[in-house]
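Working notes, beginning with the structure itself.
We use all heavy atoms of the structure for the numbers below, so side chains are in, but hydrogens, waters and symmetry mates are not. This structure is a prediction, so every number in the text was calculated from the model and none was measured.
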Amino acid sequence: MNKEELTAKLKVIIKPYTTNTDAYEHLTENTDFIHDLNINSANLVDIILDIEEEFNIIIENTDMERMLDVKTSIAIIETKLAAK
């Protein structure tokens, strides 16, 4: 799965949790979940659980703490998928 496909899947996962539709429509790898998309920390946990389910991976707490933007999230997902 390439980066564009991962980004597209991630975008679908985060859509129900964002309140900033303009930032969502212009999502890039530099988009920050909290500051740009106005996603609260409780919803970040939900997003991570959804990512684990969608990609059939397990994300450790240390990685969860780093998943605050699109770029880092994609990198972690790619690493987990490569390790399968």
### Query
Taking atom CD of E53 as the centre, does the number of heavy atoms from other residues, nucleotides or ligands within less than 6.0 Å exceed 12?
no

### Query
When rounded to the nearest 0.5 angstrom, what distance separates NZ in K9 from CE in M1?
4.0 Å

### Query
Quick check: does any side chain N or O of K84 sit under 3.5 Å from a backbone N or O of N56, one acting as donor and the other as acceptor?
yes

#### Entry: Heavy-atom pair with the smallest gap, counting every atom of I39 and Y17
CG1-O, 3.6 Å

### Task
For S73 and D69, work out which heavy atoms get closest and say how close.
OG-O, 2.8 Å

### Task
State plainly whether one hydrophobic cluster holds both L49 and L81, where clusters connect Ile, Leu, Val, Met, Phe, Trp and Tyr through side-chain heavy atoms under 4.5 angstrom apart.
no

### Message
Closer than 3.5 angstrom, by distance alone: can the side chain of N43 be matched with the main-chain N or O of D46 as a donor-acceptor pair?
### Response
no

### Message
Check this for me, if you would: do E60 and R66 make a salt bridge, where the nitrogen-to-carboxylate-oxygen distance has to be below 4.0 angstrom?
### Response
no

### Query
When rounded to the nearest 0.5 angstrom, what distance separates CG in L37 from OG1 in T21?
10.0 Å

### Message
With rounding to the nearest 0.5 angstrom, report the CG to OG1 distance, L68 to T31.
### Response
13.0 Å

### Task
Verify, without hydrogens or angle tests, whether E65 (side chain) and T62 (backbone) share a donor-acceptor contact under 3.5 angstrom.
no

#### Entry: Stepwise side-chain contact (heavy atoms from CB on, under 4.5 Å) test for I14 and D50
CA-CA 9 Å; I14 63 176; D50 291 348; over 6 Å; no

### Query
Looking at I59 and K80, what are the two nearest heavy atoms and their distance?
CA-CE, 4.5 Å

### Task
Measure the CD1-CG distance between I74 and L6 for me, rounded to the nearest 0.5 Å.
5.0 Å

### Message
For V70 and T28: C-alpha separation, side-chain torsions, deciding distance, then whether side-chain contact (heavy atoms from CB on, under 4.5 Å) applies.
### Response
CA-CA 7 Å; V70 173; T28 69; over 6 Å; no

### Query
For the hydrophobic clusters of this structure (ILVMFWY residues joined by side-chain heavy atoms under 4.5 Å, transitively), does one cluster hold both I34 and L10?
yes

#### Entry: Shortest non-hydrogen contact between M67 and F33, atoms and distance
O-CD1, 3.6 Å

### Message
For the backbone of K15 and the side chain of T18, can you confirm whether one donor and one acceptor N or O come within less than 3.5 Å of each other?
### Response
no

### Task
Mark yes when over 12 heavy atoms from residues, nucleotides or ligands other than K71 sit less than 6.0 Å from its NZ; otherwise mark no.
no

### Task
List the atom of D36, the atom of N30, and the distance in Å for their closest heavy-atom pair.
OD2-O, 3.9 Å

### Query
Of the non-hydrogen atoms in I76 and D63, which two are nearest, and what is the gap between them?
CD1-O, 3.5 Å

